[in-house]
Amino acid sequence: MSNRLAVTGFTLALTLALARFTPAAAQAATDAATSDPFAQSPPTKLTYDKEYPVIHYERTPTHNAIARLQQRVAAGQVKLTYNSPRGYLDSLLAALNIDASSQVLVYSKTSLQTGAISATTPRALYFDTDTYVGYVQGSRNLELATMDSELGQVFYTLPNHEAPTLQLQRETLTCLACHDTYELSGGGVPRFLLMSSYVNIRGDQLTHEDNILTTDETPMESRWGGWYVTGQTGKQKHVGNILVKQVQELVKLDSVRRENIDSLDGLFDTKPYLTDKSDVVALLVLQHQETVQNLLTRANFEVRNALAQVGQKSGALTPKTTEALHGYLDDLAKAMLFGDAAPFIDTIRGNSGFTAWFQRQGIKDPQGRSLRDLDLRTRLLRYPLSYLVYSPSFDALPDYARDYVFGRFAAVLQGRDVSASFTFMSAADRRDTLQVLTATKPAFAQYLARHAAPMK
C-alpha cells in the first residue's frame, strides 16, 4: 500500500450487524414496549416486503438464538443478571454460550453511540457462529444481531441499565438504515457490514474518500483500519492499531503501525472489558462469517422469491431468471470454498484462547478431521470449505438452491472445476475436504449418491 496519504479506501470502520441506537431512541423503545419482556417494534412497511413478499421480513423472528433465548427467559428457565461495570453483558454472553475469547474491539464512531466511542473506549463485539453482541462503555443499551434461518439478519437492542423487567426490542428501520446498502437500487436484503477506515484517536474519520467493505478477498494490508488487533501476523502488515491525531501522520504510515502485539494494556485501560485482547484469529473468522452470511441471505431471498412466482416449480423459471439465480449461488459457493481469498504470507497466531474454542466446536469425521480445523499458515482453514455449511441458514436454502451449491462443491472438490479461483487447492486439499464434507454432512452425501458422483 502506498504511503502517499494512504487513506483512499478506508472510511467508515466497522458496522458489523449491530443496531445503531441513540439513548433517546432507546428510551422511546423502552417506553413503547409492552408487558412482554421481549417486545417487537411495531410493523413497518419495509421495501423487503414489497420486493420479497414471500420472506415476510416484518414478522416476528423465531428461527434464531435470540428468539430461543426469549422463550427461555419468558419461561423462567434463564434469568439475566445485572453486574457492574458491564451490566447485563456477562450474563447475556453466558446465556448465549458466547466465549469471552471472541472479543474484538473497534474504535471508529460507527454506532450512533458516537459520544462514547474512541480509541480509549472502544466498542467491543462478542460472537459465535450466528449471533453478535455489541458493548459500549457507559451505554444504556447492548446491541445484538443474529442470523435467522428464515429472515436472514435481524437486529435487537437490550437496555443495559438495571430494571425490574427486561425489554429486548427488535429493530428494523433503525438498523437497516445502514445494514441494507443495496436497497436504494432495488433488490435490497439485510446484511452485515465489516469495513476498514483510518480514524483519529477520537474515532472520527480522517477522509471521506472511497469506502472499503472488506471480504475474504481483501488483502491483509488493507484490513482492520479503526480496529485493535492482538496476536502475531509475522511479516504481514495491516492497518489495525493505528492511533493518530490527524491525517498528515498517515503520510509515513510505517512509522505509526503497531503490529504483532499480544496485549492492549498500555494503549488504553482494558479493565472494563472481559479481556485485554482483540484477537487476530477471531477477526479473521468474523470476516469469513459475515462474507458468507451476506451471500446466504441474498441467495435465500432471491431464490425463494423466484420460486414463489412459478409455484415452486424450478423447471418453470425463465432462462434469464435461472441465469441470475445461478449467479447468486455461484457467488455463495465460491465464498464458501474460499475462492480468490487473499492468501496469508506468514503464520498467524492468536493468543486469547479463541483458536482452541473455535476448533472445539467442529463436527469431526472418523479420522478426527473437521471443517473448523484452522490452518493459519497460508489460509484460514485447513480444509477449505466453510463450516457454515452446517448452519441453519444454509440448511434453510430451498432444495433447488442447496443442490446447486452442492453441485459446485462437488465440481471443485472432485477436480472437475480447475478455474483460477481454486488453483490454491492441491489435489490432496480437494480430496481431503471432500472426504470430510461427505462424512459430516449427510445431505451432501445424499446429493452425491443421487448424482452418482464418484469419490476420488
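Scope of the values below: all heavy atoms of this structure, side chains included, with no hydrogens, waters or symmetry mates.
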ring-ring contact (aromatic ring centres under 6.0 Å, His included) pairs, two or more places apart, involving residues 363-384: none
Within the distance-only criterion (no hydrogens, no angle test), does the side chain of Asn83 pair as donor or acceptor with the backbone N or O of Gly87 below 3.5 angstrom? no
Looking only at heavy atoms, which two atoms of Ala439 and Asp365 are closest? And how far apart? CB-CB, 3.8 Å
Are a donor atom and an acceptor atom from the side chains of Ser352 and Gln103 found within less than 3.5 Å of each other? no
Which residue pairs pass the side chain to side chain donor-acceptor pair (under 3.5 Å) test when at least one of the two sits in residues 395-407, sequence neighbours left out? His326-Tyr400, Asp330-Tyr404, Asp395-Lys441, Asp399-Arg402, Asp403-Arg450
For the aromatic rings, using the six-membered ring if either is Trp, is the centroid distance between His288 and Phe338 under 6.0 Å? yes
For the residue pair Asp279 and Val229, establish whether any side-chain heavy-atom pair is separated by less than 4.5 Å. no
Verify whether one side chain among Thr157 and Asn141 offers a donor that lies under 3.5 Å from an acceptor in the other. no
Are Glu217 and Lys334 close enough, and set up right, to give a salt bridge (Lys or Arg N to Asp or Glu O under 4.0 Å), and what steps lead you there? CA-CA 11 Å; Glu217 298 181 26; Lys334 177 185 168 186; 3.7 Å; yes
Do the ring planes of Phe127 and Tyr132 sit parallel (below 30°), tilted (30 to 60°) or perpendicular (above 60°)? parallel
Looking only at non-hydrogen atoms, find the nearest pair between Ser263 and Asp276 and report the distance. OG-OD2, 2.7 Å
Taking the side chain as every heavy atom from C-beta outward, state whether Leu286 and Phe192 have any pair of such atoms under 4.5 Å apart. no
Shortest non-hydrogen separation from Gly234 to Asp346 and the atoms involved: CA-OD2, 3.3 Å
Do you know which two heavy atoms are closest between Thr218 and Leu213, and how far apart they sit? OG1-O, 4.4 Å
Ignoring hydrogens and angles, tell me if any N or O in the side chain of Thr214 forms a donor-acceptor pair with the backbone of Arg223 under 3.5 Å. no
For Val418 and Arg430, which heavy atoms make the closest approach, and how far apart are they? CA-NH2, 4.2 Å
Test of understanding: with ring pair (Phe, Tyr, Trp, His ring centres under 6.0 Å), list the residues that count as partners of Phe444, not counting sequence neighbours. Phe406
Does Arg379 reach the main-chain N or O of Leu381 with its side chain, forming a donor-acceptor pair under 3.5 Å? yes
Less than 3.5 Å apart, which donor and acceptor atoms pair up between the side chains of residues 90-101 and the rest of the protein, not counting sequence neighbours?
residue: Asp90; atom: OD1; partner: Arg86; partner atom: NE; Å: 2.9
residue: Asp90; atom: OD2; partner: Arg86; partner atom: NH2; Å: 2.9
residue: Ser91; atom: OG; partner: Thr81; partner atom: N; Å: 3.0
residue: Asp99; atom: OD2; partner: Ser101; partner atom: N; Å: 3.0
residue: Asp99; atom: OD2; partner: Ser101; partner atom: OG; Å: 2.7

According to the ring-ring contact (aromatic ring centres under 6.0 Å, His included) rule, which pairs have a member within residues 408-441, sequence neighbours left out? none
State whether the side chain of Ser386 and the backbone N or O of Val389 hold a donor-acceptor pair below 3.5 Å, judged by distance alone. no
Is there a donor-acceptor pair under 3.5 Å between the side chain of Asp130 and the backbone N or O of Asp148? no
Given salt bridge (Lys or Arg N to Asp or Glu O under 4.0 Å), test Arg377 with Asp375 step by step and report yes or no. CA-CA 6 Å; Arg377 295 169 299 151; Asp375 179 82; 2.9 Å; yes
Side chains of Thr270 and Asp265: do they bring a donor and an acceptor to under 3.5 Å? yes
Distance-only, no hydrogens or angles: does the Gln361 side chain make a donor-acceptor pair with backbone N or O of Trp357 under 3.5 Å? yes
Measure from the ring center of Tyr228 to the ring center of Tyr273 and say whether it is less than 6.0 Å. no
Closest heavy-atom pair and its distance - Thr233, Ile348: CA-CG1, 4.3 Å
Take Leu193 and Asn294 through the test side chain to side chain contact (heavy atoms under 4.5 Å, CB included) and record every step on the way to the result. CA-CA 9 Å; Leu193 298 175; Asn294 289 344; 5.7 Å; no
Donor-acceptor side-chain pairing of Ser393 and Gln293 below 3.5 angstrom: no
Any Leu166 side-chain heavy atom under 4.5 Å of Leu168 side chain: no
Answer yes or no for Arg372 and Phe358: cation-pi contact, defined as NZ/CZ to six-membered ring centre under 6.0 Å and angle to ring axis within 45°. yes
Under 3.5 Å, side chain of Ser196 to main-chain N/O of Gly225, donor-acceptor pair present? yes
Test side chain to side chain donor-acceptor pair (under 3.5 Å) on Thr440 and Tyr390; report intermediate values, then the result. CA-CA 9 Å; Thr440 59; Tyr390 307 118; 2.6 Å; yes
Side-chain donor-acceptor pair under 3.5 Å between Ser419 and Ser421, yes or no? no
Test item: side-chain donor near acceptor, Glu150 and Asn64, under 3.5 Å: no
side-chain contact (heavy atoms from CB on, under 4.5 Å) with Thr297: which of Val292, Leu332, Val189? Val189
Quick check: does any side chain N or O of Gln359 sit under 3.5 Å from a backbone N or O of Leu374, one acting as donor and the other as acceptor? yes
Within the distance-only criterion (no hydrogens, no angle test), does the side chain of Gln414 pair as donor or acceptor with the backbone N or O of Arg431 below 3.5 angstrom? no
Walk me through whether Met425 and Val412 qualify under side chain to side chain contact (heavy atoms under 4.5 Å, CB included). CA-CA 9 Å; Met425 289 191 200; Val412 172; 4.0 Å; yes
Give the intermediate values and the outcome of side chain to side chain contact (heavy atoms under 4.5 Å, CB included) for residues Val436 and Thr433. CA-CA 5 Å; Val436 174; Thr433 305; 5.8 Å; no
For Gln232 and Asp262, which I'm curious about, is there any donor-acceptor pair between the side chains at under 3.5 Å? yes
Which pairs with one or both residues in residues 234-245 pass side chain to side chain donor-acceptor pair (under 3.5 Å), sequence neighbours excluded? Lys237-Asp254
Would you check if Glu221 and Val239 make a side-chain contact, meaning some heavy-atom pair closer than 4.5 Å? no
Ion pair present between Asp269 and Lys271, side-chain N to carboxylate O less than 4.0 angstrom? yes
Does the side chain to side chain donor-acceptor pair (under 3.5 Å) test come out yes or no for Glu302 and Tyr52, once each step is laid out? CA-CA 8 Å; Glu302 297 289 350; Tyr52 307 104; 2.7 Å; yes
Does Val199 reach the side chain of Asp204, with side-chain heavy atoms less than 4.5 Å apart? no
Would you indicate whether the side-chain heavy atoms of Arg369 and Asp432 approach each other to under 4.5 Å? yes
Side-chain heavy-atom pair Thr230, Val280 within 4.5 angstrom cut-off: no
Taking atom CD as the centre, does Gln77 end up with more than 12 heavy-atom neighbours from other residues, nucleotides or ligands that are less than 6.0 angstrom away? yes
Would you sort out whether Leu69 and Val78 count as a side chain to side chain contact (heavy atoms under 4.5 Å, CB included), showing the intermediate values? CA-CA 8 Å; Leu69 176 60; Val78 172; 4.1 Å; yes
Got a donor-acceptor contact below 3.5 angstrom from the Ser102 side chain to the Tyr126 backbone? no
Is the shortest side-chain heavy-atom distance between Phe268 and Leu105 below 4.5 Å? yes
